[in-house]
J.: 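Below you will find the structure I want to go over with you.
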Amino acid sequence: MTDSSRADSFPLHRRDIAKQIFDSGGENLLIVTGLGSTNWDFTAAGDCERIFPLWGAMGGAIPLGLGLAMARPEKRVLVATGDADTLMGLGSLTTVAVQMPDNLTITVFDNERYGETGMQATATAHNADIAAIAAASGIPVTGTIRDQEEMDTALPEVLEGRGPAVFVIKVRAEKLPFVLPPKDGAYLKDRFRIALLGDTGIV
Amino acid sequence: MEWWKDIYGALKAADIKQVVFVPDAGHAKLIDACIADNDIRTVPLASEEEGIAMLAGAWLGGQRGVLLMQSSGVGNCINMIGLMRTCRFPLAAFVTMRGQWHEFNPWQMPMGQGTEPVLEAMDVLVDTVDDPADVARQSEAVLHRAFIGMQAGALLLHQRLMPVKTFGD
Ligand SMILES: Cc1ncc(C[n+]2csc(CCOP(=O)(O)OP(=O)(O)O)c2C)c(N)n1
């Protein structure tokens, strides 16, 4: 039997982790969030033009980050997304492992829930292990982070290690107040491109 | 059956850097040419919808990419096309058609027949080419409309362009 309520008492709080990553990342870090809580977490950490926060496109955060990482090999690209978003696009882990972008880090904020839709348990509340799936997909650097000490140890690897890497961060299943970025996708895209590419980002 | 060279030429002229695909036999030579080209990254996908999201990421990073797939793959993309429309990302997809003309496999029929209506339902501009002599111009046009006109579009490569496939009957 698995205990599908265990995530209610995981020690790590998602907003703290997002803030820690965002604050340590600096100007070179480009961030793609999945839909749902990771969007609100990174908006709370510091809504800015270097974040591309998804409001939809479930299953798309990882491949979107891959396309970006391949286009900008000199930048570190961080995908921060949920366990359900990752599960919907598991095949994309194999695609990442074929391309091997060394500047791509994927952090899965694993609350073991479909958080946005009412906290229903996902497969990771049962027997699915996303870090193991990533490793079996051929991702060279994988790990599961369960407490602050493990997070602190992994942080340099998350931000500067040779990727591609997938870190599953087990975070408490908690429903937090919304902190929303702008929702006009065309605006989010354009502000990101202009910040990254300067005038050539304007079409 | 050399029309694939016209698509390749159009991709080069449009400065395409990422070619993402789930293969179809109709695209095989084009895919091989892209793989052999050191200036293009070719990406085999697990599912076509990943390709849509990848092209959004490529554009965010300042690169142009295209998606190659067969008509069945269009069905795998529909929700992700919403990303392109909402954010007004450019999209250029080259779709080899099945279920259209001299189709020997009934399992290809539903999505082949559904390809155009579902793309249009998602506001993707659809063109069809069935004459090899037109492939060059139409490929250029679909790329121009995506990356200069900032639209989402697909070029359907009519089954008439492909050799008639059978399993021996
Ligand atoms: C294709 C699709 N199916 C279902 C939904 C509804 N939906 C929105 S968020 C979500 C769950 C997201 O869970 P997860 O990625 O784990 O993020 P969390 O909110 O738990 O952080 C679902 C199922 C959707 N938006 N798109």
J.: Check Asp127(B) with Arg137(B), please: is the shortest side-chain N to carboxylate O separation under 4.0 Å?
T.: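 Asp127(B) and Arg137(B): not salt-bridged.
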J.: Check step by step if salt bridge (charged side-chain N to carboxylate O under 4.0 Å, His left out) holds for Asp37(B) and Lys12(B).
T.: CA-CA 10 Å; Asp37(B) 185 327; Lys12(B) 294 301 288 177; 2.7 Å; yes
J.: Who among Met150(B), Met54(B), Arg88(B), Met80(B) has the most heavy-atom pairs with chain A under 4.5 Å?
T.: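 The option with the most such pairs is Met54(B).
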J.: Check whether Gln18(B) gets within reach of chain A through its side chain, its backbone, both or neither, counting any heavy atom under 4.5 Å.
T.: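 Contact with chain A: side chain only.
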J.: Does Asn103(A) reach the main-chain N or O of Arg72(A) with its side chain, forming a donor-acceptor pair under 3.5 Å?
T.: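 The answer is yes, because a donor-acceptor pair under 3.5 Å joins these two groups.
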J.: Relative to chain B, which segment of Tyr187(A) carries a heavy atom at a distance below 4.5 Å: side chain, backbone, both, or neither?
T.: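 It is neither, since no heavy atom gets under 4.5 Å.
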J.: Is chain B contacted by the side chain of Ser92(A), its backbone, both, or neither, given a heavy-atom distance below 4.5 Å?
T.: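 When you check distances to chain B, atoms from both the backbone and side chain of Ser92(A) fall under 4.5 Å.
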J.: Picking from Gly65(A), Gly60(A), Gly67(A), which has the most non-hydrogen pairs under 4.5 angstrom with chain B?
T.: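 Most pairs with chain B among the choices: Gly67(A).
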J.: For residues Ala57(A) and Asp85(A), report the shortest heavy-atom separation together with the two atoms involved.
T.: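 Result for this residue pair: O-OD1, 4.2 Å.
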J.: Side chain from CB out, backbone as N, CA, C, O: work out which of these in Leu54(A) comes under 4.5 Å of a heavy atom of chain B, or both, or neither.
T.: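 The side chain, not the backbone.
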J.: Please flag which part of Leu197(A) lies under 4.5 Å from any non-hydrogen atom of chain B: side chain, backbone, both or neither.
T.: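 Interface part for Leu197(A): side chain.
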J.: Taking only Lys NZ, Arg NE, NH1 and NH2, and the carboxylate oxygens of Asp or Glu, determine whether Arg172(A) and Asp8(A) approach each other closer than 4.0 Å.
T.: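 Looking at Asp8(A) together with Arg172(A), the answer is no, because their closest N to O distance does not fall below 4.0 Å.
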J.: Name the option with the most non-hydrogen atom pairs under 4.5 Å to chain B; the candidates are Gly91(A), Gly59(A), Ala186(A), Gly56(A).
T.: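 Max contact count across the listed options: Ala186(A).
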J.: Looking only at the side chains, is there a donor atom on one of Glu174(A) and His13(A) sitting less than 3.5 Å from an acceptor on the other?
T.: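 Yes.
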J.: If we define contacts as heavy-atom pairs under 4.5 Å, which of Arg41(B), Glu49(B), Lys17(B), Arg85(B) has the most with chain A?
T.: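 The option with the most such pairs is Arg41(B).
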J.: Report yes or no: do Gln113(B) and Gln100(B) form a side-chain donor-acceptor pair below 3.5 Å?
T.: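 No, because no side-chain N or O of Gln113(B) sits under 3.5 Å from a partner of the opposite role on Gln100(B).
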